[in-house]
Amino acid sequence: MARNPFPYALANKRYRTWDYHLKQKFGGKVFKVSIDGGFSCPNIDGSCGRGGCTYCAYAFRRQTPGSILSQFEEGKALLHRKWPDAARYIPYFQANTNTYAPLPELKEKYETLLAQPGVAGLAVATRADALPEEVCDYLAEISRRTYLIVELGLQTAFDETAQRINRGHDFAAFLEGYRRLAGRGIPVCIHLINGLPGETPEMMRETARRVAALRPHCVKIHLLHILKGTRMAEEYAACPEDFGMMELPAYVSVVCDQLELLPPETVIQRVTGDGMKEDLIAPLWSLKKFVVMNEIDKEMARRDSWQGRLSASDKN
């Protein structure tokens, strides 16, 4: 196997991993603790749409989440089973749109967790159309005093796909939200989904090209999961041939292509998703997460390639 030419990685990785980034920044293990803040979404309550994105498992929440402090303690306890010596955490407001509330409510929830012992930062998942100026100003203030990442779901740069999945905003709206954050110096993580219905591998690569041009702090690459209880699950049951679900070799090839396009300084938080076994309808091969990750590593080595090989910043 060829020598790994990528300098910003641990072990055999040829892309800048989240684990590598955190260890470089904090000097040791830091892990995210997922929090459901009880927020809604403008694409659920009718502000821009109803029913949420068709793939979204949060759109039909069936129970009220527990208090954010109890969730935080339970999440820490679960993670400590695997990393008993870890002592630093990043609370991650994950479910739905976590800037979609009055500013006083956001402050109360964010500050409660930021005040907890061992908290090293904050991650907030949201939509580009839920970022009013006053919220962006508050996020910028947080970013000046701690490590903050705002996670923006793009999924695709193609408006026709966004319409098909009921995304609720177009690429131009995403760019406006991204620029509101980046213009204030707030680190942004952009989410992409490969395998959306109707998309070709070239469309997935083109989305990565457009994201690469923004030079984001982080990117998350997901595989489309068909999950029980979603609108997409109903569509898939009615006409599965319309979806053309990706097989493992095709997914691995596209992800490696995307990694080659993304700037080497961009942190790759993930290269596949985590569909719960009891909820996942398709593709079932994605349950073997480490197999997927290993196949990506092997393909990058086979190509003798690395993250950013085809990006503007890595061309000399």
Side-chain angles (χ1 to χ4, degrees), residues 6 8 14-18 21 43 48 53-56 97 124-131 136 149-224 244 246 250-273 296 300 303 305-315:
F6 189 68
Y8 313 113
R14 290 171 177 244
Y15 55 93
R16 189 185 288 258
T17 67
W18 176 238
H21 168 69
N43 199 23
C48 73
C53 301
T54 58
Y55 58 78
C56 181
T97 304
V124 177
T126 190
R127 292 167 54 93
D129 57 355
L131 290 167
C136 291
I149 294 181
V150 177
E151 302 200 6
L152 281 186
L154 169 60
Q155 323 314 358
T156 176
F158 290 88
D159 290 344
E160 59 268 35
T161 308
Q163 278 192 313
R164 181 168 179 176
I165 62 175
N166 195 43
R167 183 69 191 143
H169 67 64
D170 59 14
F171 186 56
F174 168 82
L175 290 175
E176 171 61 25
Y178 178 85
R179 287 166 180 153
R180 285 189 180 194
L181 297 169
R184 289 170 167 84
I186 299 169
V188 178
C189 177
I190 299 176
H191 290 222
L192 310 179
I193 298 180
N194 289 329
L196 289 167
E199 292 220 337
T200 64
E202 179 50 38
M203 293 170 76
M204 300 171 212
R205 288 189 287 268
E206 179 58 26
T207 290
R209 288 188 191 98
R210 297 185 193 182
V211 167
L214 299 175
R215 317 198 75 78
H217 177 52
C218 299
V219 165
K220 281 185 178 179
I221 301 173
H222 300 265
L223 167 67
L224 177 67
M246 295 186 84
Y251 181 75
V252 167
S253 179
V254 166
V255 171
C256 292
D257 293 344
Q258 292 171 322
L259 291 173
E260 290 175 336
L261 292 165
L262 291 166
E265 67 270 19
T266 293
V267 179
I268 308 301
Q269 283 206 28
R270 61 168 61 240
V271 291
T272 187
I296 291 168
M300 292 295 278
R303 298 181 184 190
S305 192
W306 56 89
Q307 179 185 337
R309 185 177 69 85
L310 301 179
S311 78
S313 63
D314 209 44
K315 291 178 181 177

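All figures in this text were calculated on a predicted structure; none of them were measured in a lab.
- Only one option out of Gln155, Gln258, His222 pairs with Asn194 in a side chain to side chain donor-acceptor pair (under 3.5 Å); it is Gln258.
- If you take CZ on Arg309 and CG on Leu259, they are separated by 11.5 Å, rounding to the nearest 0.5 Å.
- With rounding to the nearest 0.5 Å, the separation of SG in Cys256 from CG in Leu261 is 11.5 Å.
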Intermediate values then yes/no, side chain to side chain contact (heavy atoms under 4.5 Å, CB included), Phe174 and His169:
CA-CA 7 Å; Phe174 168 82; His169 67 64; 4.1 Å; yes

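- Judged as a side chain to side chain donor-acceptor pair (under 3.5 Å), and not counting sequence neighbours, the contacts of Gln269 are Lys32.
- Using a 3.5 Å distance cut-off with no hydrogens or angles, the side chains of Gln307 and Tyr8 do not pair a donor with an acceptor.
- Rounded to the nearest 0.5 Å, atoms CG (Leu224) and CD (Glu199) are 10.0 Å apart.
- To the nearest 0.5 angstrom, Ile193 atom CD1 is 8.0 Å from Cys53 atom SG.
- Summarising the geometry, atom OH belonging to Tyr55 is positioned 7.5 Å from atom CG belonging to Leu196; distances are rounded to the nearest 0.5 Å.
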Kindly determine whether Thr266 and Tyr15 satisfy side chain to side chain contact (heavy atoms under 4.5 Å, CB included), including the steps that lead there.
CA-CA 9 Å; Thr266 293; Tyr15 55 93; over 6 Å; no

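- Heavy atoms of other residues, nucleotides or ligands lying less than 6.0 angstrom from CD of Gln163 number 12 at most.
- In this structure, the separation between CZ on Arg215 and CG on Leu262 is 10.0 Å, given to the nearest 0.5 Å.
- The nearest pair of heavy atoms linking Arg167 to Gly153 is NH2-O, 2.7 Å.
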For Val254 and Ile221: C-alpha separation, side-chain torsions, deciding distance, then whether side chain to side chain contact (heavy atoms under 4.5 Å, CB included) applies.
CA-CA 10 Å; Val254 166; Ile221 301 173; over 6 Å; no

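- Nearest heavy atom pair, residue Ala128 against residue Ala173, reads CB-O, 3.6 Å.
- A search for side-chain contact (heavy atoms from CB on, under 4.5 Å) contacts involving Glu206 returns Phe158, Glu202, Arg209, Arg210, not counting sequence neighbours.
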